[in-house]
Number of protein chains: 2
Amino acid sequence: MTSSRATLIEVARHAGVSLASTSRALHGTGASPAMVERVRAAAEELGYSPDVTGRSLRMKKTFQVAFAVADIGNPVYVEMLTAIHEVLSPHGYRVVVMTTGDTAGAATDLVRSLGSGFVDALVISPLRADDALADEIRRAPVPVVVVGRSLDDGAIDSVSTDSADGIGQAVDHLVRSGRRRIGFLNGPLDTTPGRARQRGFDAAARANGFPAERTTVEVADDFTVAAGLRAARALLAPAADGSRLDAVVAANDLLAIGAVRAAREAGLTVPGDVAVTGMDDTELGRVYEPSLTSVSLGSSERGAAAARAVLARLEDGEAPAQHVVIGPRLLVRESTAAEGSSR
Amino acid sequence: MTSSRATLIEVARHAGVSLASTSRALHGTGASPAMVERVRAAAEELGYSPDVTGRSLRMKKTFQVAFAVADIGNPVYVEMLTAIHEVLSPHGYRVVVMTTGDTAGAATDLVRSLGSGFVDALVISPLRADDALADEIRRAPVPVVVVGRSLDDGAIDSVSTDSADGIGQAVDHLVRSGRRRIGFLNGPLDTTPGRARQRGFDAAARANGFPAERTTVEVADDFTVAAGLRAARALLAPAADGSRLDAVVAANDLLAIGAVRAAREAGLTVPGDVAVTGMDDTELGRVYEPSLTSVSLGSSERGAAAARAVLARLEDGEAPAQHVVIGPRLLVRESTAAEGSSR
DNA sequence: CGACCCGCTGGAAACGTTTCCGGATGGCGT
DNA sequence: ACGCCATCCGGAAACGTTTCCAGCGGGTCG
């Protein structure tokens with residue numbers, strides 16, 4: 001249980017050499033082969049393993065990187081976390097997970113807490129980003145990489161994706177498939193993703209020449225299946241003239257599933273009567289039936305890119321900020337088939 | 001970007017008092033109100049925030065807890081992580097995520113690496129546990145809580161669940177619903193969960209008086225939908241006499257979805273022709289159609305319990321080991337309805 | 001043969017914090 | 001009025017590591 005761990009000093013004493021030589025020997029820098037062997041043996045015998053807190057204090061480096069998101073349960077963030085871990089771990093960095101909460105203030109506090117130096121860098125994906133957060137990030141004592149919106153600030157490393165363009169791809173795909181009345185099922189507009197996707201849909205509607213009365217928008221109060229189901233009921237209700245939508249673009253796979261549910265409730269088939277697209281390319285959407293056509297925002301790629309940006313920044317603190325953009329990719333599956341089974 | 005952070009020494013100098021008093025004032029222990037105010041003002045002015053590495057070195061405490069699992073992507077582990085984070089975070093602990101890989105050796109190495117003291121405790125959920133791992137845990141320099149199988153070792157804190165009993169609950173439920181020929185779709189037998197669930201099924205089959213020829217078992221080579229689909233095809237193939245199973249107990253929600261897929265491929269309806277149960281009560285299973293009857297192993301509860309065990313152990317290192325058992329709970333949903341829609 | 005340089009070693013400082021300990025001061029009880 | 005105790009303060013040590021600096025020896029080149 002509690003074995004008082006051997007310290008470097010004891011190893012030095014045990015090997016009969018100085019502390020300095022012991023440290024050097026164990027790092028292989030500037031020590032004679034004889035010395036190395038001697039120290040190595042002593043260390044082995046005592047079961048020595050270096051204490052990272054002592055090392056951190058001296059080197060001003062913790063070999064830890066924090067990953068902060070609103071909620072860790074979200075599959076998108078899980079994918080990012082996995083990717084980040086995979087990139088950083090081989091370089092000897094540990095990953096600390098943190099939650100920003102869903103208020104912008106909490107995220108700002110978190111960035112400020114970086115001052116206590118428990119971590120060499122931070123990857124943060126803020127749900128709601130404001131100027132205060134950007135300010136705090138700029139004056140943060142360690143590198144911060146933002147994944148998500150680029151905060152409109154050239155000086156901050158960022159990895160983003162063009163989700164507006166992604167929504168556009170979904171709309172174009174539906175139009176090409178012959179759908180004409182396309183509704184948009186969005187999440188809360190006071191979130192960064194919500195705003196971006198709204199922008200994307202509006203632009204796509206304009207680009208495709210949809211008159212306002214040919215598009216309908218409904219905003220769910222959360223990015224969940226339940227909220228999507230509620231909002232989609234309204235979206236799919238017949239218009240005054242009895243006509244209905246023939247396609248729904250959802251801002252999210254979860255919302256999309258809610259839309260499929262609502263469609264079935266209303267006696268409509270998917271994709272027969274209504275085509276549905278999601279976003280995020282989650283396992284959920286892949287496995288669902290019908291499998292969801294979804295716009296991948298490359299969560300893994302973004303996570304990996306963010307991790308690489310961290311490494312680059314730690315390598316060279318003065319390099320100009322980099323802004324990686326991962327292009328969205330539409331993955332066509334059953335939920336938008338032209339002639340689908342009537343399941 | 002890089003503002004050289006203020007140290008306690010500078011705060012002391014700036015306040016014109018000693019280092020010791022400064023430290024005490026900031027901790028509110030044994031300092032006069034005047035002193036506290038004076039130091040607080042100085043700290044405020046300099047934007048001081050304490051350095052955790054210095055503190056850790058001195059206090060021999062990192063305020064970090066590691067959570068180690070085979071792969072972070074698994075929804076079950078994500079739930080645990082979330083729960084652990086929720087319990088530990090209010091107590092000032094950060095959570096470090098680590099991966100054990102899928103070999104027992106890697107897990108052992110990980111536990112050994114605890115010697116470098118980057119963390120105050122470890123919560124580990126080993127996929128494959130052997131004696132070497134148990135040994136290493138026993139001699140670990142920090143508290144370790146095992147979640148999963150209890151390692152058959154009374155001296156190690158553990159949080160487990162009786163997944164064998166859970167399988168039993170699923171079988172009983174199916175029998176009560178009138179199902180007679182029940183197949184078992186398991187995952188790899190060289191994993192701890194795989195073995196336990198096999199044991200559970202065998203016991204349940206015996207208890208219900210199923211002759212060996214009335215039960216069929218198939219082992220998928222992974223706990224995934226794809227592997228489940230492959231294995232379930234064999235499981236659902238007609239027997240020599242042309243008869244088929246009327247129920248499948250899957251060791252996992254993912255495998256269960258594979259089974260549903262295979263059933264539909266074979267032209268069978270779920271739950272009409274074949275009832276299917278899963279295990280883990282994942283979001284996936286809840287949202288799937290038909291929604292999956294599933295045995296919840298209480299991932300969140302287990303995570304929370306493990307975190308509480310960590311706190312208790314950190315509080316009192318000498319207390320006897322505790323073994324929390326979270327009872328499995330069957331959640332009945334559409335996939336085992338007596339008369340289902342023929343979807 | 002002397003000067004210089006290079007490789008190796010040991011002493012000591014430094015990283016930033018907490019806390020032990022001794023000393024000073026003030027108040028209170030006797 | 002004196003002693004005692006509680007309260008508060010400052011000096012200094014300690015946690016475990018890395019690294020600067022100086023010294024020492026041996027080899028090489030001029």
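Keep in mind it's a predicted model, so treat the numbers as computed, not measured. Just so we're on the same page: letters track the sequence lines, and every chain starts at 1.
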Q: Describe, as an angle rounded to 10 degrees, how the axis at the first end of the helix from C:dC1-D:dG30 to C:dT30-D:dA1 is tilted relative to the axis at the last end, five pairs per end.
A: 40°

Q. Do B:V146 and B:P126 come close enough that some side-chain heavy atom pair is under 4.5 Å?
A. yes

**Q.** Residue closer to the 5' end of DNA chain D, B:K60 versus B:S18 (nearest nucleotide)
**A.** B:S18

**Q.** Span of DNA chain C in contact with chain A (heavy atoms, under 4.0 Å)
**A.** C:dC8 to C:dG16

Q.
Between B:T108 and B:E136, is there a side-chain donor-acceptor contact under 3.5 Å, judged purely by atom types and distance?
A. no

Q) Looking at B:R313, B:H323, B:Q322, which hits side-chain hydrogen bond (donor to acceptor under 3.5 Å, both in side chains) with B:D157? A) B:R313

Q: Show your working on side chain to side chain contact (heavy atoms under 4.5 Å, CB included) between A:V39 and A:M35 and close with a plain yes or no.
A: CA-CA 6 Å; A:V39 169; A:M35 174 70 79; 3.9 Å; yes

Q. To the nearest angstrom, how far is B:R24 atom CZ from D:dT7 atom P?
A. 14 Å

Q. With the threshold set at 4.0 Å, does a side-chain nitrogen-carboxylate oxygen contact exist between A:R40 and A:E37?
A. yes

Q.
Any heavy-atom pair between the side chains of A:L8 and A:Y48 that's under 4.5 Å?
A. yes

Q | A:T62 vs B:T53 side-chain heavy atoms within contact, under 4.5 Å | A | yes

Q.
The criterion is side-chain hydrogen bond (donor to acceptor under 3.5 Å, both in side chains); which residues satisfy it with A:D316, sequence neighbours excluded?
A. none

Q. Rounding to a whole Å, what distance do you find between A:L8:CG and D:dT19:C1'?
A. 13 Å

Q. Contact class for B:S23 (heavy atom, under 4.0 Å): base, sugar-phosphate, or nothing?
A. base

(Q) Heavy atoms only, 4.0 Å cut-off, all strands: where does A:V52 land among base, sugar-phosphate and nothing? (A) nothing

Q) Closer than 4.0 Å, any side-chain N/O of B:S21 to the OP1 or OP2 of D:dG10? A) yes

